[in-house]
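Read through the structure below, which is laid out as structure tokens, and then see the notes.
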Amino acid sequence: MSAAEAGGVFHRARGRTLDAFPAGKESEWKGPFYFILGADPQFGLMKAWSTGDCDNGGDEWEQEIRLTEQAVQAINRLNPKPKFFVLCGDLIHAMPGKPWRTEQTEDLKRVLRTVDSAIPLVLVSGNHDIGNAPTAETVEEFCQTWGDDYFSFWVGGILFLVLNSQFYQNPSQCPSLKQAQDQWLDEQLSIARQRHCQHAIVFQHIPLFLESIEEDDDDYFNLSKPTRKKLADKLIHAGVKVVFSGHYHRNAGGTYQNLDMVVSSAIGCQLGGDPHGLRVVVVTAEKIVHRYYSLDELSEKGIEGDLMDLIKKK
């Protein structure tokens with residue numbers, strides 16, 4: 001690990017937790033805070049999408065480099081600093097075994113090393129990071145490069161759970177890994193119920209649903225109906241308030257019972273009408289408030305006053 005990585009930004013998740021946040025120091029509520037959520041920098045997709053060859057294209061990613069640099073610069077200027085910066089998957093576009101994967105990875109690492117060392121980075125695995133049908137080998141590659149593919153951590157009395165959503169989408173090549181995550185998640189949700197944590201929040205790449213728990217299966221942008229319902233009910237029973245995801249490259253989401261599903265658009269390639277952007281998420285004792293900002297808005301104006309008031313409220 002390089003000196004830059006050791007300096008703070010690459011707090012790799014190991015042993016199913018994040019060493020940036022020692023549990024003993026972060027398990028109690030200490031007052032409002034915020035974090036920044038981004039998704040899908042996906043170095044290489046903009047060129048691949050423009051040429052109509054998403055499977056084999058993506059030999060250029062200068063646009064994504066510039067956008068991710070802009071995102072990092074905007075985050076570094078924020079005051080007070082966010083507790084962490086989470087990227088909800090599809091870090092790069094090249095699938096395992098595809099050309100340019102190494103080069104895209106190294107370029108993204110180079111950009112992310114410029115994140116302020118006081119702002120830990122939380123990395124979520126996406127389908128492009130481990131494959132549409134992940135294997136033990138592709139998951140291990142991700143873990144060696146970026147850290148554990150699923151883990152939990154506490155910040156200020158809030159339990160955060162990072163899931164490998166590809167295990168819910170297509171675990172056919174690694175059923176034992178999916179089973180291990182299921183068992184781990186049950187244990188974590190039991191802890192959430194027993195500890196009566198202030199809030200519990202989930203990060204994953206693929207959304208449970210885009211608008212409604214009852215929507216049709218998409219086979220790509222959401223989870224199947226039986227899978228999403230089973231997982232959502234399990235999360236609700238444990239008191240999880242919000243699931244944040246990316247993958248859709250558009251802003252979307254909905255509510256099922258008292259669980260909010262928030263789908264955040266991309267730093268990189270947009271597939272709809274949203275701007276390249278980041279989401280500011282404020283956590284108070286009573287609620288979780290979030291707002292999507294374009295990179296230009298966050299760079300030029302920072303966080304709006306009403307959100308800042310929530311952050312500063314004692």
Side-chain angles (χ1 to χ4, degrees), residues 1 5 9-20 38-45 54-55 58 84 86-109 112 120-153 160-189 202-208 219-224 227-228 230-231 234-235 243-248:
M1 185 166 62
E5 289 172 321
V9 62
F10 284 105
H11 283 281
R12 284 177 172 81
R14 292 286 188 244
R16 304 303 176 197
T17 191
L18 197 67
D19 64 2
D40 302 271
Q42 204 161 341
F43 283 20
L45 177 58
C54 287
D55 291 331
F84 58 86
V86 55
L87 277 173
C88 272
D90 279 2
L91 308 178
I92 60 172
H93 180 63
M95 292 273 191
K98 291 290 187 178
W100 312 299
R101 184 170 172 86
T102 299
E103 293 83 353
Q104 289 172 6
T105 298
E106 289 306 311
D107 279 345
L108 179 58
K109 281 186 173 183
L112 292 180
L121 193 62
V122 178
L123 298 171
V124 182
S125 62
N127 59 303
H128 280 262
D129 304 313
I130 59 175
N132 286 326
T135 66
E137 291 73 23
T138 63
V139 172
E140 178 60 21
E141 180 198 343
F142 178 88
C143 293
Q144 290 296 323
T145 304
W146 301 110
D148 285 345
D149 57 319
Y150 62 91
F151 56 96
S152 66
F153 60 98
F160 293 93
L161 302 172
V162 175
L163 301 182
N164 182 338
S165 57
Q166 216 56 35
F167 290 159
Y168 300 113
Q169 190 80 331
N170 186 353
S172 60
Q173 302 302 308
C174 53
S176 63
L177 296 184
K178 195 266 186 186
Q179 183 178 14
Q181 178 176 258
D182 287 346
Q183 180 178 345
W184 171 89
L185 179 58
D186 288 343
E187 294 168 354
Q188 294 297 310
L189 295 179
V202 167
F203 301 123
Q204 61 188 58
H205 180 60
I206 299 178
L208 298 171
D219 294 328
Y220 186 80
F221 283 122
N222 59 14
L223 298 181
S224 69
T227 299
R228 80 172 75 122
K230 181 180 179 181
L231 180 55
K234 182 183 291 190
L235 297 178
V243 176
F244 289 101
S245 74
H247 189 55
Y248 193 44

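Everything numeric here is computed off the predicted structure, so don't read it as measured data. Numbers here simply count residues along the sequence, with the first being 1.
- Using a 4.5 Å cut-off on side-chain heavy atoms (C-beta onward), L163 and W184 make contact.
- Considering CH2 of W146 and CG of L91, their distance stands at 5.5 Å, rounded to 0.5 Å.
- The shortest distance between side-chain heavy atoms of F43 and D107 falls below 4.5 Å.
- V162 places none of its side-chain heavy atoms less than 4.5 Å from the side chain of V202.
- In terms of heavy atoms, P41 sits closest to L87 at CD-CD2, 4.1 Å.
- In this structure, W100 CH2 and M95 CE are separated by 14.0 Å, a value rounded to the nearest 0.5 Å.
- Q188 and S152 share a side-chain donor-acceptor pair at under 3.5 Å.
- Between D90 and H205, the closest side-chain pair of non-hydrogen atoms falls below 4.5 Å.
- The line from CG of D149 to CZ of F142 is 7.0 Å long, rounded to the nearest 0.5 Å.
- Considering every non-hydrogen atom in both H247 and D40, the closest pair reads N-OD2, 2.9 Å.
- For the residue pair T227 / S224, a side-chain donor-acceptor distance below 3.5 Å is found, with atom types taken as modelled.
- Across all non-hydrogen atoms, the minimal contact from G246 to A39 is CA-CB, 3.8 Å.
- Atom CD of residue Q204 and atom CD of residue Q166 lie 10.5 Å apart, to the nearest 0.5 angstrom.
- Across all their heavy atoms, P99 and A94 have their closest contact at O-CB, 3.5 Å.
- Under the 4.0 Å criterion applied to side-chain N and carboxylate O atoms, R16 and E187 are not assigned as salt-bridge partners.
- The side-chain contact (heavy atoms from CB on, under 4.5 Å) search around Q179 returns none, not counting sequence neighbours.
- What you find for P134 and N170 is that their closest heavy atoms are CD-O, 3.4 Å.
- Between I206 and Y168, the closest side-chain pair of non-hydrogen atoms is not below 4.5 Å.
- With sequence neighbours excluded, no residue forms a side-chain contact (heavy atoms from CB on, under 4.5 Å) with K230.
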Can H128 and I92 be said to form a side chain to side chain contact (heavy atoms under 4.5 Å, CB included), step by step?
CA-CA 7 Å; H128 280 262; I92 60 172; 5.8 Å; no
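- T17 and D148 make their closest contact through N-OD2, 4.4 Å (heavy atoms, listed as atom of the first residue, atom of the second, distance).
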Apply side chain to side chain contact (heavy atoms under 4.5 Å, CB included) to residues F151 and V122 and explain how you reach the verdict.
CA-CA 10 Å; F151 56 96; V122 178; 3.8 Å; yes
Show your working on salt bridge (charged side-chain N to carboxylate O under 4.0 Å, His left out) between R101 and E141 and close with a plain yes or no.
CA-CA 12 Å; R101 184 170 172 86; E141 180 198 343; 2.8 Å; yes
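- Every residue meeting the ring pair (Phe, Tyr, Trp, His ring centres under 6.0 Å) condition with F153, not counting sequence neighbours, appears here in chain and number order: F21, F84, F160.
- Residues K178 and Q183 have side chains not in contact (no heavy-atom distance under 4.5 Å, counting atoms from C-beta outward).
- Distance CZ/F203 to OG/S125: 13.5 Å, rounded to 0.5 Å.
- There is no side-chain donor-acceptor pair under 3.5 Å between N222 and Y248.
- With respect to D55 and K98, no salt bridge is recorded, no charged nitrogen being found less than 4.0 Å from a carboxylate O.
- L208 CG to S245 OG: the interatomic distance, rounded to the nearest 0.5 Å, is 7.5 Å.
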